[in-house]
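Values in this document were obtained by computation on a predicted structure and should not be read as measured data. Hydrogens, waters and symmetry mates play no part in the numbers below; they use all other heavy atoms, side chains included.
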2 protein chains.
Amino acid sequence: MGPLDGYLPYLLNRAGSRIATAFSEEVRPLGATLQIWRVLAALRERDGCRMGDLSKTTSIEVSTLTRLVDGMERKGLVARRRGDADARAVFLHVTLAGRRLTHRLVPIAERYETVALQGFDAREAEMLKAYLQRLFANMDGLKNTHRRRG
Amino acid sequence: MGPLDGYLPYLLNRAGSRIATAFSEEVRPLGATLQIWRVLAALRERDGCRMGDLSKTTSIEVSTLTRLVDGMERKGLVARRRGDADARAVFLHVTLAGRRLTHRLVPIAERYETVALQGFDAREAEMLKAYLQRLFANMDGLKNTHRRRG
DNA sequence: CACCGTTATTTGCATTTACAAATAACTCCA
DNA sequence: TGGAGTTATTTGTAAATGCAAATAACGGTG
């Protein structure tokens, strides 16, 4: 065990990408991808949200999200709807097909959560999650610090 | 706070990508990228390791790594060396310029660790790291399960 | 030694990604 | 009302990515 194993961003990335690739591989036969799942999961939580919000909750860059949503629209999973109060905004809605796909993905996602947390008792799992929330909040705090100061 | 905030892979990805983008942005002026840092960090721990090992420790897909290393070689940061015992293997070595860049990146990386863990006491930080190690081990356990069974 | 299956790395190619610029629509204020 | 400055999304374009196929070299066996 070298110094890397004590370096938090490394541990974070290692764990995250391991889950990501495993999940991706598993949902591919369903015609889904990890990014598609992220969008569907976000919409499951709040349907009809705008591109910008979706970008924030999924951590997918907006321009990337645009094209991802293009594809999902072509597949009939979601539908864009221009805002009527504010015509700049675009609201994204899941379609029936999208909901069906979501229903197939949810149990897989749940299983991954279970597997990832194997050997954790409830208290430990909660602590890990709370730590990750705090970590994120810390990073969120200095958002744009680097650019804005210049 | 919706169900997503209790979903571990989501929290992991959110925290990880936030750190990743912030770090990337910061090292860009130095002519570095996050991926370059990952390679240099891995080599700092163990110089002269093979492409395959490097792929594992950095979580960068081998074919991606090949091209990344091409670029780093062009920049004079690393040097490939064909194995003499096994001519299939390629061993990667940091050059002087690579070490110099590493020295400039290390303090930045350390700062990110500090910022990410702001408000954590030593015990909490250690627990978080230990949890992430366990999480990774859990995922590592079922590596390739999906494909091999077929 | 020649062949076969395996392993390490690279290459081909289509897709995904990100930054920056463009577009479109808003708000505010003179 | 008519800019000026801002915000939301998309598009242009170059680079990064990942899968699958290709290449190269290994180990063992006949």
Side-chain angles (χ1 to χ4, degrees), chain A residues 13 16-18 20-29 31-39 48-75 78-92 144 146-148, chain B residues 13 17-18 20-29 31-39 48-75 78-92 144 146-148 150:
Chain A
N13 174 252
S17 50
R18 178 53 55 85
T21 49
F23 184 86
S24 296
E25 192 175 304
E26 181 146 351
V27 300
R28 192 153 29 134
T33 65
L34 176 56
Q35 301 295 64
I36 286 179
W37 159 245
R38 286 188 175 134
V39 169
C49 72
R50 354 167 111 204
M51 299 294 287
D53 299 333
L54 208 53
S55 168
K56 283 186 199 96
T57 88
T58 57
S59 306
I60 299 172
E61 218 271 331
V62 280
S63 72
T64 303
L65 187 63
T66 287
R67 286 177 258 243
L68 175 60
V69 167
D70 288 347
M72 291 179 70
E73 219 175 2
R74 260 181 264 120
K75 290 186 179 201
V78 295
R80 276 185 173 94
R81 187 171 166 192
R82 206 95 221 177
D84 20 275
D86 183 344
R88 290 170 303 178
V90 167
F91 298 90
L92 205 63
N144 294 328
H146 187 244
R147 278 202 170 282
R148 284 208 208 280
Chain B
N13 174 252
S17 49
R18 177 54 55 87
T21 49
F23 184 87
S24 297
E25 192 175 303
E26 181 146 352
V27 301
R28 190 150 33 129
T33 65
L34 176 57
Q35 301 295 64
I36 285 179
W37 159 244
R38 285 188 177 134
V39 169
C49 72
R50 350 168 116 205
M51 299 294 287
D53 299 333
L54 209 52
S55 167
K56 283 186 200 96
T57 88
T58 57
S59 306
I60 299 172
E61 219 269 333
V62 280
S63 72
T64 302
L65 187 63
T66 287
R67 286 178 262 240
L68 175 60
V69 166
D70 287 348
M72 292 179 70
E73 220 174 2
R74 262 182 262 118
K75 291 187 179 200
V78 294
R80 276 184 172 93
R81 188 172 165 189
R82 206 97 220 175
D84 20 276
D86 183 344
R88 289 171 303 178
V90 167
F91 298 90
L92 204 62
N144 293 330
H146 187 245
R147 277 203 171 282
R148 285 206 208 281

Rounded to the nearest angstrom, tell me the gap between atom [atom1] in [X] and atom [atom2] in [N].
X: Asp84(B); N: dA8(C); atom1: CG; atom2: P; value: 17 Å
X: Ile60(B); N: dT10(C); atom1: CD1; atom2: C1'; value: 16 Å
X: Leu34(A); N: dT16(C); atom1: CG; atom2: C1'; value: 13 Å
X: Asp86(B); N: dA8(C); atom1: CG; atom2: P; value: 8 Å
X: Arg28(A); N: dT17(D); atom1: CZ; atom2: C1'; value: 13 Å

Rounded to the nearest 0.5 Å, how far apart are [atom1] of [X] and [atom2] of [Y]?
X: Arg50(B); Y: Leu54(B); atom1: CZ; atom2: CG; answer: 12.0 Å
X: Ser63(A); Y: Leu68(A); atom1: OG; atom2: CG; answer: 11.0 Å
X: Met51(B); Y: Phe91(B); atom1: CE; atom2: CZ; answer: 12.0 Å
X: Leu65(A); Y: Arg67(A); atom1: CG; atom2: CZ; answer: 11.0 Å

Which stems, defined as runs of 3 or more consecutive Watson-Crick or G-U wobble pairs with both pairing distances under 3.5 Å, involve DNA chain D? C:1-30 with D:1-30
Quick one, Arg38(A) and Asn13(B) - any side-chain contact, counting heavy atoms below 4.5 Å? yes
With heavy-atom distances below 4.5 Å as the criterion, would you say the side chains of Leu34(A) and Glu26(A) are in contact? no
It should be established whether Gln35(A) places a side-chain nitrogen or oxygen under 4.0 Å from OP1 or OP2 of nucleotide dT17(C). yes
With Arg88(B) via side chain to side chain donor-acceptor pair (under 3.5 Å) - residues at least two apart: Asp86(B)
Are side-chain N/O atoms of Gln35(B) and Thr33(B) paired as donor and acceptor at under 3.5 Å? no
For every nucleotide of nucleotides 9-14 of chain D, 5' to 3': is a protein heavy atom under 4.0 Å from its base (B), only from its sugar-phosphate (S), or from neither (-)? SBBBB-
